[in-house]
2 protein chains.
Amino acid sequence: MPTTSHSGDVPARSKRADALRNQQTLLAAAAAVFVTSGVDAPIREIAARAGVGMGTIYRHFPTRADLVIAVYRHQVEACAEAGPSLLASADSPLAALRQWVDLFVDFLVTKHGLANALQSDSSGFDALHTYFLDRLVPVCAQLLDAAVNAGEIRPGTHAYELMRGIGNLCIGRDSDSRYDPRRLVELLLQGLQRPQSS
Amino acid sequence: MPTTSHSGDVPARSKRADALRNQQTLLAAAAAVFVTSGVDAPIREIAARAGVGMGTIYRHFPTRADLVIAVYRHQVEACAEAGPSLLASADSPLAALRQWVDLFVDFLVTKHGLANALQSDSSGFDALHTYFLDRLVPVCAQLLDAAVNAGEIRPGTHAYELMRGIGNLCIGRDSDSRYDPRRLVELLLQGLQRPQSS
DNA sequence: GGACAAGCGGAACACTGCTCCGTATAGTTA
DNA sequence: TAACTATACGGAGCAGTGTTCCGCTTGTCC
């Protein structure tokens, strides 16, 4: 199995030195631009910021999703790893799930437009969608299962659906004081809890 | 107060006959195109379908949101009017709320991309956002209040937030069998119910 | 140093939103 | 009916963006 190396992080060997340098430059530039202009920023803007041509971007990151993934990989990884450790440290599986979801929401709402991109049907964000889900759904599923087994929440909810729902709730203008994604996510979690002695 | 007439429905008088005809033609064409290509369909496509120039579209509907509003006005109106009548006919305020939300979700999921447009921060969808909210939030608020007063749900949730949350949950590729917006909306409503004798 | 593959840059093309203005015509008046 | 004018129409054209492609540059290896 040829460990495809996923075009990010510690880069594959046997590339030319300038290519490696450019890849890092691009990641830094993209990260900076994403902060100010969101993940939908024009490719030209990122290229200009990095001082490279557009061809260079497309060579390193064939789709925008590839670039986004590379930029945020560390954080996604951290979120994924937090799952099991929260499960071990928290008071209960439900508490762990709650904290984990909080982490996930944090991540989404601080990255301008990321939640949008995660759900957008058209455009080439499929890879992003896939990556996020592949990496985080199993983690979420583990937390969910644990909470179900502990009898804290009702069974029947799939991690995939829950995560997409949470992602969706985090979409929107982040400067609208009347809309706080966290409150709704909390409502969703409340709904998940099995009706106490109904 | 000069009843701005909102560029839809029974059109304002004192326009040329051909203009009126074109307006109707455009509405029909847009409705048809929205079904197949979603509310993000290229303006050119709608113009071609209607057999008019692009200038004509922009004259009648200065922004895309105006066009969308005009096309769906009847249905939004129907949804708004359903609120009070459900409240009168349903078994309980909560039941009424539930049915109304169902109606709302129906509307959103059958209009390809509408839910997306409703939340999109950029682009000129502001008018759409405003129109929907102005028209439907009061209705939702009435249902919500009634349910709170009946002691069926906990107080503290704002209609605006709830509606945006529901709208958000309805975003997404409508052909993903693993994601059913209705299930999540139901979860949200569950979360709304006051904890039974906790 | 020289050869050549790897990499680079950005012009060019495609697609879209939106504007602007010359042309056509509905409705009016004589 | 014929002329006239306000109204409306059409679509060329501009601007912004994604994406490709190819001639030129440069790192690497001998």
Side-chain angles (χ1 to χ4, degrees), chain A residues 5 7 11-30 33-34 36-68 113 116-117 120-128, chain B residues 5 7 11-30 33-34 36-70 113 116-117 120-128:
Chain A
S5 100
S7 76
R13 272 159 304 167
S14 84
K15 285 179 129 183
R16 260 169 54 169
D18 55 346
L20 255 32
R21 228 176 317 142
N22 267 326
Q23 190 158 340
Q24 293 310 311
T25 308
L26 272 173
L27 282 177
V33 171
F34 286 169
T36 61
S37 309
V39 296
D40 285 318
I43 297 287
R44 280 171 175 75
E45 190 179 336
I46 300 170
R49 173 74 164 242
V52 306
M54 287 180 304
T56 303
I57 287 200
Y58 280 101
R59 196 169 319 100
H60 286 293
F61 308 101
T63 74
R64 177 188 234 77
D66 292 323
L67 182 54
V68 176
N116 271 286
S120 101
D121 18 3
S122 52
S123 43
F125 275 117
D126 279 357
L128 185 61
Chain B
S5 98
S7 75
R13 275 159 301 166
S14 83
K15 283 180 134 185
R16 260 169 53 169
D18 56 346
L20 256 32
R21 231 175 331 177
N22 266 325
Q23 189 158 340
Q24 293 309 312
T25 309
L26 272 173
L27 283 176
V33 170
F34 285 170
T36 59
S37 308
V39 297
D40 284 318
I43 296 288
R44 279 171 173 74
E45 189 179 336
I46 300 171
R49 172 74 165 240
V52 306
M54 284 182 308
T56 303
I57 287 202
Y58 280 103
R59 198 167 318 102
H60 286 294
F61 308 101
T63 74
R64 180 186 293 279
D66 293 322
L67 182 54
V68 175
I69 290 173
N116 272 285
S120 101
D121 21 2
S122 52
S123 39
F125 276 115
D126 279 355
L128 185 62

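Chain letters run A, B, ... following the sequence lines, proteins first and then strands; every chain starts at 1.
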What verdict does the side-chain hydrogen bond (donor to acceptor under 3.5 Å, both in side chains) test give for A:Thr63 and A:Asp66, after you've listed the backbone C-alpha separation in whole Å, the side-chain angles of each residue and the deciding distance to 0.1 Å? CA-CA 5 Å; A:Thr63 74; A:Asp66 292 323; 3.1 Å; yes
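- Minimum interatomic distance between A:Val39 and A:Phe125 (heavy atoms only, all atoms of both residues): O-CZ, 4.5 Å.
- Side-chain atoms of B:Thr36 come within 3.5 Å of backbone N or O of B:Val33 as a donor-acceptor pair.
- If you check residues 43-54 of chain A against DNA chain D, the residues with a heavy atom closer than 4.0 Å are A:Ile43, A:Arg44, A:Met54, listed by number.
- Distance, A:Phe61 CZ to D:dT19 P: 15 Å, rounded to whole Å.
- Atom CG in B:Asp40 sits about 12 Å away from atom P in C:dT16, given to the nearest Å.
- To the nearest angstrom, P of C:dC8 lies 11 Å from CD1 of A:Ile57.
- Contact record, B:His60 with B:Ala19: CE1-O, 3.4 Å, taken as the closest heavy-atom pair.
- Along DNA chain C, the nucleotide closest to B:Ala41 and the one closest to A:Thr56 are compared, and the more 5′ of them pairs with A:Thr56.
- Residues A:Pro42 and A:Arg64 share a closest heavy-atom pair of N-NH2, 4.1 Å.
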Report each atom pair, protein N/O against N/O of nucleotides 27-30 of chain C, whose distance is under 3.5 angstrom.
unit_1, atom_1, unit_2, atom_2, d
C:dG27, OP1, B:Ala17, N, 3.1

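- Within the 4.0 Å cut-off from OP1 or OP2 of C:dG7, not a single side-chain nitrogen or oxygen of A:His60 is found.
- Atoms OH (A:Tyr58) and C1' (D:dC22) sit 17 Å apart, rounded to a whole Å.
- Between the side chain of B:Arg49 and the backbone N or O of B:Ala28 there is no donor-acceptor pair closer than 3.5 Å.
- Taking atom CD of B:Gln23 as the reference point, atom P of D:dT7 lies 16 Å away to the nearest angstrom.
- Each of A:Gly55 and B:Arg59 has a nearest nucleotide on DNA chain C; the 5'-most of these lies closest to A:Gly55.
- The separation between A:Arg21 atom CZ and D:dT26 atom P is 12 Å, rounded to whole Å.
- Note on B:Asn22: a side-chain N or O is less than 4.0 Å away from OP1 or OP2 of D:dC9.
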